[in-house]
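Position 1 is the first residue of the sequence, and the numbers go up from there.
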Amino acid sequence: MSTVTYSGVDPGKNGAIASVDAAGEIIRITRFRDAETEGRIGLVIADHFAALPPSSYHACSIERVGAMPRQGLSSTFTFGRVYGEALSAILLSNARMSLTRPQTWQRELGLPKREEYAAHKRAIKEAAESRWSRRFVLAEVDALWIAEHARRFGAWRFNTEGTADE
């Protein structure tokens, strides 16, 4: 029987990686803590993938983001390094990779629109807690929704017969 794993990556030192199965049930969530150490994000992602149950098909979506306005040069460089490490780790994992913009996954999943940053993040967290009937820390939520978006709308989602819709 074919098993499918969908993972979502919210890049950045306060991000996470989350994986769900074909039914949308959470398999694992791993936060990116202390990402200042070079190479750490790649190792966290590799360890996350290694701890997943074996699957015949693995699709991973990473949030396609860039530097924020008024972000300092050092912060921008650190973010770029962390983003590059995440991309590399996914590519080396043999997972099928896709990129998704925050506006796309949030809109397609019917999540609240962004008006004020903190209220928006709280609303997305509350929606996740309602959807999965458990509590989350804010750092886990975007990665989980990105994984769910990969499952429902991603480039390599599966149809009801278990074959890829490519």
**OP:** Please step through salt bridge (Lys or Arg N to Asp or Glu O under 4.0 Å) for the pair R152 and E108, ending with a clear verdict.
**Re:** CA-CA 9 Å; R152 292 177 49 198; E108 290 180 348; over 6 Å; no
**OP:** Step by step, work out the side chain to side chain contact (heavy atoms under 4.5 Å, CB included) result for R107 and K113.
**Re:** CA-CA 8 Å; R107 181 186 69 247; K113 292 185 178 187; over 6 Å; no
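Not less than 6.0 angstrom separates the ring centroid of Y6 from the ring centroid of H149.
Classification of E126 and R122 as a salt-bridged pair fails, no side-chain N sitting under 4.0 Å from a carboxylate O. Under a 4.0 Å N-O distance rule, the pair E85/R40 does not qualify as a salt bridge.
Residues A147 and V20 share a closest heavy-atom pair of O-CG2, 4.0 Å. Here the shortest heavy-atom pairing between V137 and V141 reads O-CG2, 3.6 Å. Of all non-hydrogen atoms in R64 and Y83, the two that sit nearest each other are CA-OH, 3.5 Å. When all heavy atoms are compared, the tightest approach of A139 to R31 is CB-NE, 3.7 Å. S61 and A150 make their closest contact through CB-CB, 3.8 Å (heavy atoms, listed as atom of the first residue, atom of the second, distance).
How far CZ of R134 is from CG of L144: 7.5 Å, rounded to the nearest 0.5 Å. The distance from atom CD1 of I45 to atom CZ of F32, rounded to the nearest 0.5 Å, is 4.0 Å. With rounding to the nearest 0.5 angstrom, the OG1 atom of T5 is 4.0 Å from the CD1 atom of I27. How far NE2 of H48 is from CD1 of I29: 8.5 Å, rounded to the nearest 0.5 Å. The line from CD of E63 to CZ of R101 is 10.5 Å long, rounded to the nearest 0.5 Å. Here the SG atom belonging to C60 is positioned 12.0 Å from the CG atom belonging to N94, to the nearest 0.5 angstrom.
Screening residues 15-28 for salt bridge (charged side-chain N to carboxylate O under 4.0 Å, His left out), with sequence neighbours left out, gives no hits.
Looking only at side-chain heavy atoms (C-beta outward), D10 and E140 stay at 4.5 Å or farther from each other. With contacts defined as side-chain heavy-atom distances shorter than 4.5 Å, the pair W105/E148 does not qualify.
Using a distance-only test at 3.5 Å, with no hydrogens or angles considered, a donor-acceptor pair links the side chain of E129 to the main chain of F136. Judged by distance alone, with hydrogens and angles left aside, the side-chain atoms of S93 form a donor-acceptor pair with the main-chain N or O of I90 at under 3.5 Å. Checked by atom type and distance alone, the side chain of T104 never pairs as donor or acceptor with a backbone atom of T100 at under 3.5 Å. Remark: side-chain polar atoms of R151 are paired, donor with acceptor, to backbone N or O of A22 under 3.5 angstrom.
Remark: W145 engages no residue in a side-chain hydrogen bond (donor to acceptor under 3.5 Å, both in side chains) (not counting sequence neighbours).
By the rule that hydrophobic residues join a cluster once side-chain heavy atoms approach within less than 4.5 Å of another member, L99 and V9 end up as members of one cluster. Residues V82 and L91 share a single hydrophobic cluster, defined by chaining ILVMFWY side chains whose heavy atoms lie under 4.5 Å apart.
None of T30, D47, I62, I41 except one satisfies the side chain to side chain contact (heavy atoms under 4.5 Å, CB included) rule with I17; the exception is T30.
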